[in-house]
Amino acid sequence: MNNWEIAQIFNEIADLLDILGESPYKSRAYRRAAHKLSTTYLDAVQLSQEGRLQEIPGIGDALAKKIQELVTTGKLRYYDELREKVPASLRQLLLIPGIGAKTAQIIYQHLRPKDLAELETAAREKRLRELPGIGSKTEEAILRGLEALASSKKRLLLHHAFTVAGEIRDYLKSLSGITMTSSAGSLRRGMETVGDLDFVAVAHDPLTVIKELATAPFLQELLTADNSQLSLMTKWGIRADILVVQPEYYATALQYITGSKEHNEELCVLARSLGWESSEKGLSPGQEGQLPSSEEELYSRLGMLYIPPELREGRGEIQAARKGILPYLLELCDLKGDLHVHSHWSDGVNSLEELAVEARRRGYQYLAVTDHSKSLHVARGLTEDRIWEQREEIRRLNQRFTDFRLLAGIEVEIRPDGSLDFDDDLLAEMDIVVASIHSGFNQDEKTLTERVISAMENKHVDIIGHPTGRLLGRREPYSIDIEQVLKVAAATGTALEINSSPDRLDLCDRYIRRGKELGVCFAVNTDAHDLHYLDDLQYGVLQARRGWLERDDVINTMSFEQLSDWLQRA
DNA sequence: GCCGTTTTCGGCCCGACTGTTTTCAGTCG
């Protein structure tokens, strides 16, 4: 039982409490504790053994006891009781936009549906609109939401997928028969969400390993198995497919299982034309030929450059590799800083000093503090006066550093009428300006597009934050004419953000690639509200690589001096 | 359920927007 698993359970308890109509502060306490547990460096199991759980803010007497019970017994009676009362699938009601605790509670109390299917039937028969406080609009929203849930169901966000895959790989490595192991599939390609997890493991005796795997501690249900691969449902609710091969097949198997399907189909046609064969273990050079010992060798023998997994989507990468014109993809170590971070001056949790110290520890040359602007009240957006106070503190902090700079920035609201939250005189004083939309999501495409464009046309705006506003699995992008936005970004030289938060990953890879074609520049930022989330940069880099970006396409690969020049561009 | 205290209760982010109503409750960021 690790922190992440405890956090999952606490989040589920919070949802069930909401549906049952318990105090919203109680569910909030569970959510806050879950959030703390998943972001702290401290290990809950160890703290529990040492009786120090309550040192984590947000964990008091009651939650410490519950964690203790989970850690020692693997179970939690309170959690089991709640799940007996409310079918776990109803949790998903809360994922539907427009449905919160109260609406979920009304539906539960009046209809007691045993699962989502029963709820859907009720909605189709127009019975939900008869409930107090629910009308036709809400009923339609629920139907739309259920459809969206069905199509996105069980796709893990990237950070969760990496966590779960890490657990599985650790287990694979612990088996004595296995000499090597790798993630493959969509996770290795860095896709924004992952539907199932694929692994390739190497063993001299695959069958023995397969038998051992059938008793893996995370196994919930064995789906299929033969003498070289098995497919299982994990206790985390996601499927894992594990292929075990002998050493000589490792490279070809890894290439094959990494996919994508489209990439492999194209590669297969080419390989066949060169006399190769294909099977479920991947490509092979026919009877006499020796198997390639690495993916690099495999691609080379097929007459092309090595294709990094993020590019293997069947979007022209094979032709480019054959011509020798693949991009030199962006790497995490190319980034010299982060240009969108929040502090406790608005809705972040850390002080400016904490952020600066952490950024410097990471070897960044700069970090832009971009707190929210005044009209985003919920996030305690900064007024003009507070901005001047914050600038003063930033100035004092910067005096302490010779090798690092905090940039005094702002994430300025693009208001519903398209105007910005501050006038030009103030924006001109900021080191860096990120402009973002946090309101009026439901406006029509023309209005939203014009809002973003008018922000880009302001000469003080450097970056458009999370340009399409999507939340993966929860909220669709707002309707903007992305082609037009990309063209204006290229024309005005405004950078578009690749927001690295695994909930957003906004822009998506196809738009990034199109933007690059049009000459748009990008900024890979975290939008971190807590210094732990500075780690999210790795996901933004994967997304950028999937969009074929190179170092020179990204503004925060520049040194501080170069970036300063860029920020002062006309 | 947590936390801080004018210290064992009472407050916990708050204003705009939407949908359901007919003056307001619920949701969201």
Side-chain angles (χ1 to χ4, degrees), chain A residues 6-7 9-11 13-37 53-69 76 78-79 82 93-109 126 128-145 342 344-349 371-383 411-417 421 436-443 447 465-466 469-471 474-476 478 499 501 503-504 506 527 529:
Chain A
I6 300 170
I9 291 174
F10 278 10
N11 276 323
I13 289 176
D15 289 348
L16 299 178
L17 291 173
D18 278 345
I19 294 171
L20 283 166
E22 298 245 7
S23 158
Y25 297 110
K26 190 167 168 178
S27 57
R28 188 186 295 176
Y30 276 93
R31 284 202 185 90
R32 199 172 44 210
H35 179 251
K36 277 285 171 193
L37 283 168
L53 277 169
Q54 292 184 62
E55 287 177 19
I56 300 179
I59 294 181
D61 192 38
L63 290 183
K65 283 208 176 80
K66 291 193 169 69
I67 294 173
Q68 190 110 39
E69 188 182 335
L76 183 58
Y78 181 60
Y79 173 54
L82 288 174
L93 256 180
L94 298 172
L95 294 174
I96 298 172
I99 309 304
K102 293 285 176 184
T103 309
Q105 191 192 324
I106 288 168
I107 292 171
Y108 170 72
Q109 279 176 347
K126 303 193 195 299
L128 292 184
R129 63 180 66 180
E130 291 162 11
L131 302 180
I134 295 179
S136 57
K137 290 261 177 82
T138 306
E139 190 175 69
E140 284 157 18
I142 289 174
L143 273 174
R144 275 197 311 275
H342 296 271
H344 70 184
W345 282 73
S346 66
D347 61 347
V349 303
D371 278 310
H372 292 288
S373 64
K374 62 185 177 187
S375 74
L376 199 65
H377 301 282
V378 54
R380 303 205 315 280
L382 301 185
T383 58
E411 183 179 14
V412 66
E413 287 301 297
I414 304 172
R415 295 189 290 214
D417 65 359
D421 218 6
S436 307
I437 287 182
H438 295 103
S439 60
F441 297 121
N442 295 326
Q443 291 174 333
T447 312
H466 39 75
R470 70 174 179 175
L471 292 176
R474 286 189 284 150
R475 189 175 72 206
E476 291 296 307
Y478 39 67
N499 189 294
S501 164
D503 293 306
R504 293 187 182 270
D506 182 6
D527 195 1
H529 287 66

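This is a predicted model, so every value here is computed, not measured. These numbers come from the heavy atoms of this one structure, side chains and all, not from hydrogens, waters or symmetry mates. Protein chains get the first letters and strands the later ones, always in sequence-line order, with residue 1 at the start of each.
Among the nucleotides B:dG29, B:dG15, B:dG1, the one closest to the side chain of A:A29 is B:dG1. The side chain of A:T103 sits closest to B:dG26 out of B:dG29, B:dG26, B:dG1. In the set B:dC12, B:dC2, B:dG19, B:dC12 carries the atom at the smallest distance from any side-chain atom of A:R28. When each of B:dG29, B:dG1, B:dG26 is scored by its nearest atom to the side-chain atoms of A:L471, the top-ranked nucleotide is B:dG29. In this structure, the nucleotide among B:dT27, B:dG19, B:dG1 sitting nearest to the side chain of A:K137 is B:dG19.
The separation of B:dG15 from B:dG10, taken at their P atoms, amounts to 24 Å, rounded to a whole angstrom. Taking the C1' atoms as reference points, B:dT8 lies 14 Å from B:dG1, given to the whole Å. With C1' as the reference atom, B:dT6 and B:dC13 are 24 Å apart, rounded to whole Å. Going from the P atom of B:dC28 to that of B:dT23 covers 25 Å, rounded to whole Å. Of the P atoms belonging to B:dT27 and B:dT20, the separation is 12 Å, rounded to the nearest Å. Comparing B:dT5 with B:dG11, their C1' atoms sit 11 Å apart, to the nearest whole Å.
At the phosphate of B:dG15, neither OP1 nor OP2 sits under 4.0 Å from any side-chain N or O atom of A:S375. OP1 or OP2 of B:dG1 has not a single side-chain nitrogen or oxygen of A:Y25 nearer than 4.0 Å. Remark: A:T138 is in phosphate contact with B:dT20, judged by side-chain N or O atoms under 4.0 Å from OP1 or OP2.
Across all strands shown, A:P97 has heavy atoms under 4.0 Å from sugar-phosphate atoms exclusively, and none from any base. Contacts of A:I96 with the nucleic acid, taken as non-hydrogen atoms under 4.0 Å apart, involve only primed sugar atoms and P, OP1 or OP2. Note on A:K36: nothing from the nucleic acid sits closer than 4.0 angstrom, heavy atoms only. Nucleic acid contact for A:R380: none, since no nucleic acid atom lies under 4.0 Å from a heavy atom of the residue. A:A101 comes within 4.0 angstrom of sugar-phosphate atoms only, judged by non-hydrogen atoms across all strands, and of no base. At the heavy-atom level, A:D347 lies nowhere under 4.0 Å from the strands shown. Counting any heavy atom pair closer than 4.0 Å across all strands shown, A:P57 reaches sugar-phosphate atoms only and no base atom. When heavy atoms are screened at a 4.0 angstrom cut-off, A:S136 is found touching the sugar-phosphate backbone but no base atom.
The CZ atom of A:R31 sits 16 Å away from the C1' atom of B:dC13 (whole-angstrom rounding).
Residue A:K36 forms a side-chain contact (heavy atoms from CB on, under 4.5 Å) with just one option from A:I56, A:I59, A:L63, and that option is A:I56.
Judged by Watson-Crick or G-U wobble contacts below 3.5 Å, the nucleotide B:dC2 has B:dG11 as its partner.
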